[in-house]
Structure formats: structure tokens, C-alpha cells
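Atoms within a ligand are numbered from 1 in the order they appear, just like the ligands themselves.
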Amino acid sequence: MLGRHTLSMTGSKTDTRVMAITADERTGTVTLTIDGRDVTAAEGSTIWSAAKAAGIDIPVLCHDERYDPVGVCRMCVVDVGAPAFAAACVRACENGMQVQTSTPELERSRATLVELLLADQPDRERDPKQSTTGDNELLALADRLGVDRPDDLVAGSGRGIDVSSPVISVDHDACILCDRCVRACDDIQGNDVIGRSGKGYSTRIAFDLNDLMADSSCVSCGECVAACPTGALTNKPIHDVPIRPRSELDAVDTVCPYCGVGCALTYYVDRERGAIAFAEGREQPGSHGRLCVKGRYGWDYAASPQRLTVPLIRREESYPKGPLSADVRGDMASGNGSANNGNGKGKRKKPGGLVDYGEVLPHFREATWDEALDLVARRLSEIHARGGPAAIAGFGSAKCSNEEAYLFQKLIRTGFHTNNVDHCTRLCHASSVSALFEGIGSGAVSTTYGDIANAEVAIVTGSNSTANHPVASSFFKQAKRNGTTIIYVDPRADKMADHADIYCQLKPGTDVAFYNGIMHEVIRLDLVDHDYIANRTSNYEALAKTVADYPPERAEQITGVPADMIRRVARVWGKARAGIIYWGMGISQHTTGTDNARCLIALCAITGNIGKQGSGLHPLRGQNNVQGASDMGLIPMFYPDYQKADDPDVKARFEAAWGTSDLDPKRGLTVTEIMGSALKGGVRGMYMLGENPFLSDPNINKVRKALSALEFLVVQDIFLTETAEFADVILPASSYLEKDGTYTNTDRRVQLGHKVLDTPGQARVDWEVVQDIANRIGLAWNYESPREIFDEMVSVIPSYTNLTYDNLGLTGKLYPNPDPEHSDGIVVMFGDKFNTNDGLAHLVPAEWLPAKELPDEDYPFVLNTGRMLEHWHTGSMTRRSYALDAIAPQALVYIHPDDAAALGLADGDLARVTSRRGSIELATRVSHREGRGNCFIPFHFREAAANLLTIDEIDPFGKIPEFKFCAVRIERAGQADG
Ligand code: SF4
Ligand code: SF4
């Protein structure tokens, strides 16, 4: 019997002629002959890439252009006239080289290698649940070379299979040890999970310390599956439906619907089943074919049997209206993950994490679209006629397309003459936008996350980017490996801390003191850019005066970060040739959020770090289209393109553009202000498109009262959300997968999303529903397609000038973009001047202020809330995704080990977390990533709704709530199950 024929690393990386450049190659190119053809290639090119560029295909197994070549499989060997064949994937081209790629001898060598590898391959039929997308490169190569699997050999080595992961099957017997998965996991995603274990014949890939995949630190990004050439790593079919070969599936190119990174992907659709079979990343400058677990495995929510498929109207007998399901009613407590309004009495069983349809739907009856839309138009018009514009408000959605966001705000503004229109940007980066507008005259990023490759140093602050922007974080990790110094600043030692050169674990809510301390030291050491300050900024003296009061020792007292570390950060940042600051909601979601962002802007500006390659400001935007929805004017203080709502000239311009004469002359109310107004009887009618404020807004008890107080609420959504329980009319909407439209990512990249599936039942595409309501209240709209809406919106959004559906192409374009036909768009903005009136960056000093609700004897812990990798916001999509729910099914409170020990809590124990506003019970996760005295709760879980605890204090400028700081008490409530 033949032995194990996996690939050997021996000798591959040590070829001394790899990347050799001859002396006469000073022109930057070399000329050689490949299979008798003259080929010119860039100097340093490998034979394999030169041949590929010339249309000559050299087979490979271990190689993929995205990874550093290792030359272990020897499948790509070519004849260069030397005594030994050369591996084309690593051997550099040389001037005058004569290369043969497919002589009979070479083909014999390849066939022998393939035969040996096939000898150990397992029977492909042995696990029908494993996917076979037809991508097995080894089998394809065998076919090409006419090699049959020897049938007198025993299949497999018995190294085993690992099906522990909910999404990935591992068949060690099919592994040829090419290390593509290792390089994909390490070099591309920066997850560093896969290595090797064992010796000789029993050598196999290993997850961490040879753990089962599900027990390892694997984050289920699937990059290793995409890399595997043999089917050793395969996607498990979602819902156990076998995946048909790729050739039998339809490929639809679109973008991911989750985070602001907006990864480009392709869905492979099984048209016979009417369902997606699998997803795959595709090339685009901002994602390079990478995906995270949500993008790769989290799409089946659209096919949930819980989709709303018919319009619903509240039954007469269900008035007076009241919140319906137990959790939403908020008057019952439970064990193992649920919320209560009071002191934890009246326990009941966990409800399963989703709205109980059986409890809620009986209060609604099915209606026709005409009946439902007529009722919506009539009731909103009545309220408007009675209460005036101030009585109406609308929440749009950052999950909807640009076209839908544009139409929604236009409906509220032209149909109800109010600027009371907002969306979840208020809950994520409103303070960043407020500081950016004040400082540099633009709310968008000044450079991309990919530009980190050109930065000497990057500060990543208040951002759990490995969970919230996983693919962007892979760019950060790659940059670090290539020499960029990463400084990570966050109260939680999230995974970015593992990759950082310097990690500063500051106390929550002390960002202003920290950055003032850094600026103090940068100025003291004279590391500022005097020319830049003189020519590009204003108000430097006031800033310098303020930060003079924050020497590192004082900053240490406030922040807990050692003074020497603050000095070190200042030196590293101040001396760097180019630096970028990336920040997340750890900066913005504070009552001092605008001040926090002001400090980041000032730190960049005084060191000359805005407007050149590898430098700049980048608030990492949360939702897939929160940048676009904001650009579209889905905000109460701005018309599209951030044109001030209270500027008479702007108002006149939009009245002319929209053919109306009575736009609201003043700013509208924000998300939290609308809820406050509803409580006082101001706002009485609301149109809610795809938002779920019951779970996403702070202080749920207050939201509950506000929603209950509304006279009329129409909710347009794909599921029965907690907010929909308060509705008078529910309109079944389209998921992202069911429509065309554009989406703008955090980099300012405008991308086309394409329809993948049909809407279920009578559910309709959102922009059409908005148009139908508009027509029913007297607006004469007749848009026929998203393309037509896009063209109109570009005409009123100067930043999007030149963009068309046709020139966005497969990879989208950045805005601004003077020449989209030939350019990807402008990466680095503000090279000469800023968008402020005087073209200067306005430095705004900020004094540190403590949070509004500090810990005390009764509530000694600081609660921080946020997202986790596997879930999205209020969980309505991700908790209906099989894979994401299977990987992360449970609400958790993360507590430092010492705090857990002092509280008598072990991993999995039930903890009760109580603030002055409510109490929830959920499982404990003992975590060394938390700071002492702090705890973290993701806000995705209705049965343990973090926002029952949060405080609704807001930042005075951006009006963003304080999601990152309130005082809580933690107690043991029960023992771990089992
Ligand atoms: S799924 Fe991603 S994290 Fe897990 S082993 Fe594969 S590449 Fe690494
Ligand atoms: S990083 Fe964001 S956009 Fe990319 S796949 Fe993950 S959730 Fe989707």
C-alpha cells in the first residue's frame, strides 16, 4: 500500500533563485519565452503569474494568487532548461529564460503526483451531507490529466472527520496538507487558528491545540473553506439540504447586507428550491473576496417561515391598543435570559428569543394591500390635518437602499411638511458626524480602511472591529504584519488588543482625558506639524491651552492608563510619517461623544495627518447603508448631501427640485426626541420603515410608553418585530435579497445590490410601498425603477455627481469621483482644503466630563453594551439565521474573572443585572477581556434586553444616547445548566 502522499514543505521556500533579479533588469520588466511565445513581465514576477497574464495555464494545487507562494505541491513545475524542474509559482522570471510548461515529461510528473494524492482520498460519497460544489481542484486536475483513482487502494488514512462546527465540515482524510487554509486563516483573515499537528503519516491540520473546530478560537469566517482545493474543508449545507454542484446554480453578484464594510459577494441560488445554496466572497477593493460569518452563512433569515407575507390590520376588538407579548409588556421576569420591569418577581420560562407570533398575530387580521395602504394614508393625513407637521414622524432604515432612504425622507418632508425623519445613525455615529462637520465640514471618512496599508501608525479606538467590522479588521491585522504600528485604545481588551503593538485599557468614559493627555505630550515634545497647523487649521492656541491642563500624570489619574504609556503613544503617533485614526461606537455612544470625536480630529490635524496617503479620520460606520441613508438626508437636520434643513436657500433649492412650496423651515426631531415628543402627545402618527426602536433605543420602558402613546403607527418590516406589536398596520416588506438598489459603505463606496430571490407571498419591495403611500396622500409620484430614483437623487446630491447605475460596475465606486468611467474614486480627501467655510480644520478643545450616571454602592458596575460577531442589532435577521443562532444562541453578560469570583459567579451561571431602570437575567461569561468593575452585554437579545438597563441621557450636539455607560448591580440568580 502506498503511504500518505500529502505535500512536503521541504525545499520549497528555500529555492535561492526565488525572486532573483538580474542586473540588466533596470527597466522594470523582463522578457522571456514561455512555450515558444515571447512574454514581457514586471521584474520580480513569477513564471506562473507571467504565464497566466499571457493566457497560459499552469496547474497548481498549493498556490493561490492571494497568498504568498510556498511551492510545495510541485504541480506547477516547469522546464527552464536546468537539471531540475522549477516550481513556477515561486521561481522568478529572468531575461532570456526559455520556459516549457507542458512537455510529456512534465505531464507525467504531474500525473504521478496526482495519482499518489488520489490514492489517499476518501470515498466522496461517504457523507452525503457534505457539500460538493464541484470545486474540488484535485479531482478536476485528475480529470484533466486523465488520472483515475487506483481502485485497489484502501481509502483514507483514518485521520478522521470533524463535524463539530455548525457551518464547516472537516475531512482530514481529504487533506493534502497544501497549507492553503493555514495561509487563508493567518495571512488573509488574521485569525491564526490553523496549524499542523502530528508527524509523518498522521500529520494533519489542527485548530488551535488540535481542538475540535467548534471548540477552537475559529470565528467561522469560512476563508479556509474558500481556500481548500480538495474538499477537506467544505461548507455544511444550511438546513441539511444538500448543495448542488455550482454548475447547476445561478450566480448573483451583490453585497453583504450586514455591516458598513459592505463586502462584495456572490450568492449561488438553487432555482429549483427557490433558495440560496451558498455564498462566496468576490473581488472588490474593500473586501478582496473575504467575508465574515454573517456574510458567508447568515443569509437564510430571508427564507424564514416567520416572514410577513400579507398586510395586517389590528382588529377592532384589540383596541384600546396595548403591547401584547409578555416580554414586550415587560411585566414578567424569567430565568435564563429575560427581562422584567421591576424586582425580578414572577418568573416564567424563556420565550425562545423571538416575538411569539402565536401570542401577537391573533390581534391582527389579514387585509388587502389597497385596504392597508388606504388606511395608512387616511390616518396619517387625519393626524397631520389635526396636529400639523409636528404630529408626524418617520424612522427610515439604514438596511434599506439609498433609493428607499431617499424616497422615504422625501415622503415625510414633502407629504407631511416636517423634518421629523431620522434613523439609526442617531444611535451610532451622530456625534462623530456632528464633530466632523464642525471640524472639517464633512461627515464622511477622509480615507478608507484599506489605506491603513500606507499608514506608519494607526489608532483603533472604541471599536471592537474584529466583531463589528470583521473584514475591515483583517486589513488592520494585515497592515500590522506588514509593519504598521497598531495602537488599540478601548476599555475592553477585544481581539484587536491581541494584534496591537500598544494596548491602552482606559476606564470607560475617559476618552477626552486620554486624547488630551496624548496631545499635551505631542505638543510638549514639539511633534506637531507647524506648517500644517499654520496653513490648514484654526483655533490651535485654544486647543493647546486646554490640553496644557492634561499632563500624562493627570490623564493617568482619570483614565487609568499609565503616564508612561500615554507618553509612548504620543511619541509613536507624533513621530510617524502618516497615521490614521479608526473609531467606533466606543467613542461616539457617549454623552461626550462629540467631544471624544473632536479630540481625535484635533490629534490628527495638529500632526498633519489628514489629506495625505496613509493618514486621516475614519469613523467605522455600523449598518450596511448607514452612510448612504445619511447621505440621502434621512436625518432631521439635513436634506440630502448634508444640506442644512434650516437654511432658507437650501429649503428653496429643494422646493424647486421637488416641485413643492411648503417644506419645513426648521430642523426636525431626532430619534430620541421623537420618542420624548410622543410621550408628551406631540408626535401622534408614525411611519416606521425597518426600524425596531423597542430593542435598539435606550431605556426600553420609556420607549414602551412612547410607542403605546401613539395614535397611529404603521410598521413596514420583514418580521413581526417587538415594535410591530404596537402597530395599527403592518406592511410586509422586502428583505435586502429581494430587490435592486445601491448601498454606500463606510469607505464612501457606492455599490449595486441585485435581486437574488422573489419576495414571499404578497410582500412587496419597499420603495414601491413608499410610493403608493405618497400617491395616496396626494403626491404624484411615478418612479418606475430604482435606477430612475438614483438618477434623481444624484441630481440633488453633489457628492454623488457622475455616478450612474451603469458606471458603478461590479465593484462599485467611491464618491467623490470625477471620472467613474476610469477611476475607482477618491480615496484620500482634503489634500488641499477642508469643506468648512474657510477651508480650514476647526480645532475644538474639549474638557473631560464624567459620565452622567456613575457607579455607587447600590450600582457598583459600569455597563457597556454593543454587538457580538454573530449577531446584528435587534437580532431580527441573525436570530433567524440557522448558523448564527447555532453558534451564538444565548444572551451573555461578560465579567472580569476577579469580579465574577467576588460575586460567586462561574461561567454559565445565571446573573441578574439591575440598573435604576430595570433588571434582566442572563448567563455569565467570565472574560479576561473585561476591565475590573465593568461588564458588557450585547443588545441583540430581547429575552435579556440590554436597553432595559441603559440610560437615555444624550450627547448635547449629536443627540446620541449613552449606550456605553450606566451604573448596574450584578447578582447571582442561579447555577449553570447541567
Ligand atoms: S473558518 Fe476562518 S477562523 Fe475558522 S479556521 Fe477557517 S479561516 Fe480560520
Ligand atoms: S465584514 Fe460586514 S459586510 Fe463583510 S461579510 Fe461581514 S458583516 Fe458582511
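- The distance from atom 4 (Fe) of ligand 1 to the nearest N/O/S atom of Cys218 is under 2.8 Å.
- Look at His469 and atom 4 (Fe) of ligand 2: no N/O/S atom of the residue is under 2.8 Å from the metal.
- For ligand 1, the atoms sitting less than 4.0 Å from at least one non-hydrogen atom of Ile194 are 5 (S), numbered in the order shown with element in parentheses.
- Near Lys294, with a cut-off below 4.0 Å to any heavy atom, the atoms of ligand 2 are 7 (S).
- The protein heavy atom nearest to atom 4 (Fe) of ligand 2 is Cys263 SG, 2.3 Å.
- Ligand-side atoms of ligand 2 in range of Gly295: 5 (S), range being under 4.0 angstrom from any heavy atom.
- Annotation: atom 2 (Fe) of ligand 1 to nearest protein heavy atom, Cys221 SG, 2.3 Å.
- When each atom of ligand 1 is checked for a heavy atom of Ile168 under 4.0 Å away, the hits are 1 (S).
- Atom CZ of residue Arg942 and atom OG1 of residue Thr874 lie 10.5 Å apart, to the nearest 0.5 angstrom.
- Of all heavy-atom pairs spanning Tyr805 and Gly741, the tightest one is OH-CA, 3.5 Å.
- No more than 12 heavy-atom neighbours from other residues, nucleotides or ligands sit within 6.0 angstrom of OH on Tyr882.
- Of all the heavy atoms of Val219, the ones lying under 4.0 Å from any atom of ligand 1 are found in both the backbone and the side chain.
- Each of the following atoms of ligand 2 lies closer than 4.0 Å to a heavy atom of Val471: 1 (S), 4 (Fe).
- The closest side-chain donor-acceptor pair between Thr878 and Glu870, if any, does not fall under 3.5 angstrom.
- For atom 6 (Fe) of ligand 1, the closest non-hydrogen atom of the protein is Cys224 SG, 2.2 Å.
- Ring geometry, Tyr582 versus His618: the interplanar angle falls from 30° to 60°, so the pair is classed tilted.
- Per-residue contacts place Cys256 under 4.0 angstrom from the following atoms of ligand 2 (heavy atoms of the residue considered): 3 (S), 5 (S), 7 (S), 8 (Fe).
- In this structure, a donor-acceptor pair under 3.5 Å is absent between the side chains of Thr466 and Asp494.
- Here the CG-SG distance, from Asn625 to Cys400, works out to 8.5 Å after rounding to the nearest 0.5 Å.
- When each of Ile176, Val72, Leu177, Asp179 is paired with Cys62, the side-chain contact (heavy atoms from CB on, under 4.5 Å) condition holds for Val72 and for no other.
- Distances shorter than 4.0 angstrom do not occur between any heavy atom of Ala184 and any atom of ligand 1.
- The protein heavy atom nearest to atom 5 (S) of ligand 2 is Cys292 N, 3.4 Å.
- Rounded to the nearest 0.5 Å, atoms CG (Leu757) and CG (Leu737) are 5.5 Å apart.
- Close approach of ligand 1 to Gly222 (heavy-atom distance below 4.0 Å) involves ligand atoms 1 (S), 2 (Fe).
- Every atom of ligand 2 is numbered from 1 in the order shown, and the set under 4.0 Å from a heavy atom of Tyr258 is 7 (S).
- Partner Glu223 forms a salt bridge (Lys or Arg N to Asp or Glu O under 4.0 Å) with one of Arg183, Arg290, Arg66 and no other, that one being Arg66.
- The six-membered or imidazole ring of Phe941 lies near that of His871, with a centre-to-centre distance under 6.0 Å.
- In this structure, atom 8 (Fe) of ligand 1 lies nearest to the protein heavy atom Cys185 SG, 2.4 Å.
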